[in-house]
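A short worksheet on the structure shown next.
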Amino acid sequence: MRARILGAGIVGLSVADELIRRGHDVEVVDPAPGSGASYAAAGMLSPAGEAWHGEETLTRLGLASLALWPEFARRLGVSVHTRGTLLAGVDAGDVQQVERQLAVLDLAGVAHERLGRRELLAREPGLGRIAGGAFLSDDHSVDPRAVVAALLDRVGDRVGPERRPVGRAVSAGERVETNTAAEVTVIATGANLPGPYARLIRPVRGDVVRVRTQEPVERTVRAWVHGEQVYVVPRVESDEMVIGATSEERDGPLLPSVEGVWRLLDLARRVVPSLDRASVVEVTSRDRPGTADNLPLVGPTHEPGVVLAAGAFRNGILLAPLIAQQVADHVETGSVEPAVDPRRFRMKEDG
Ligand code: GLY
């Protein structure tokens with residue numbers, strides 16, 4: 001099979017890697033590989049920490065993809081940070097929010113350990129005023145930039161803006177070129193899908209702050225702070241921590257907002273007070289590729305030979321190996337996971 005993949009973020013590259021592994025001929029088209037949402041992502045592999053009422057299917061997909069990560073990471077030669085994740089609530093209402101998440105996890109049969117204030121501080125002495133929370137032993141993290149670099153290494157010179165004369169880079173609003181040498185075109189262009197597919201995505205902007213610190217937390221902390229959410233993710237192999245993320249449906253240039261960054265830092269330093277002594281090294285803003293039902297779009301479209309690997313929303317890093325497997329299975333056998341079948345939405349202008 002000759003496949004052309006549009007988009008060299010973590011999803012497009014994972015699809016490319018999987019297809020190459022299965023012996024297919026692959027080309028990846030992207031004028032700026034790895035510079036989209038994957039570049040901003042904190043890298044949480046956190047299906048339990050992201051679980052919410054009404055999103056049970058997403059939790060199921062996240063757990064299935066989490067199970068693929070150890071082998072995926074081993075193949076790429078990247079580390080997975082396996083010290084688990086703490087859920088923390090600052091006040092009684094916030095602890096109730098944690099309880100709501102734990103109720104969803106109980107239904108899904110996901111292990112968790114409820115922790116009081118003292119137990120939380122015993123696990124993570126650097127926490128500030130926390131009323132209670134929980135430990136999620138199976139929610140981990142990776143460095144998405146390291147993952148993308150490893151994938152780019154593996155996919156090699158098959159990635160480029162227009163390496164072979166089989167088409168041209170496609171950006172939002174353009175039609176997909178299907179009259180190329182490729183038998184299948186996989187669209188993995190994140191929040192900017194081309195032509196008729198653009199309407200399937202709602203970009204959800206996230207501002208993210210990276211800091212350097214001598215006092216890192218041991219594990220990912222996901223906190224509720226008087227009804228608002230913030231997370232702090234330590235990197236395994238450096239003194240960097242990632243603080244995220246705002247969530248806003250706004251347009252305009254990809255620049256972090258003053259209000260968003262101020263709010264993130266304000267929330268994060270209440271949870272981890274030593275952040276006051278950290279240095280800010282980077283502030284990034286990118287759009288998450290959201291869908292109407294928060295589930296990904298993976299599989300066929302109304303155009304023969306055009307397949308979507310899109311709409312991973314808040315879970316692109318977590319879901320990348322599963323989406324890669326689903327796309328490769330679809331290309332080879334025609335199989336589609338009904339929950340993520342893009343045809344659940346109307347795609348054609350005329351219906
Ligand atoms: N998965 C974390 C985020 O989208 O902010």
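One-based numbering, in listed order, for ligands and for the atoms of each. Quick note: numbers below take in every heavy atom, side chains included, and nothing from hydrogens, waters or symmetry partners. This structure is a prediction, so every number in the text was calculated from the model and none was measured.
Asp239 pairs by the side chain to side chain donor-acceptor pair (under 3.5 Å) definition with nothing, not counting sequence neighbours.
Note on Glu218 versus Arg123: no salt bridge recorded, every NZ/NE/NH1/NH2 to OD/OE distance being 4.0 Å or above. The pair Arg83-Glu124 fails the salt-bridge criterion, with no side-chain N (NZ, NE, NH1 or NH2) lying under 4.0 Å from an Asp/Glu carboxylate O. Here Glu248 does not pair with Arg263 in a salt bridge; the nearest charged N to carboxylate O distance is not below 4.0 Å. No salt bridge links Arg60 with Glu56; every basic N to acidic carboxylate O contact stays at or beyond 4.0 Å.
Here the CG-NE2 distance, from Leu318 to His140, works out to 11.0 Å after rounding to the nearest 0.5 Å.
The residues lining ligand 1, counting any heavy atom closer than 4.0 Å, are Met44, Glu50, Tyr231, Ala245, Arg288, Arg314.
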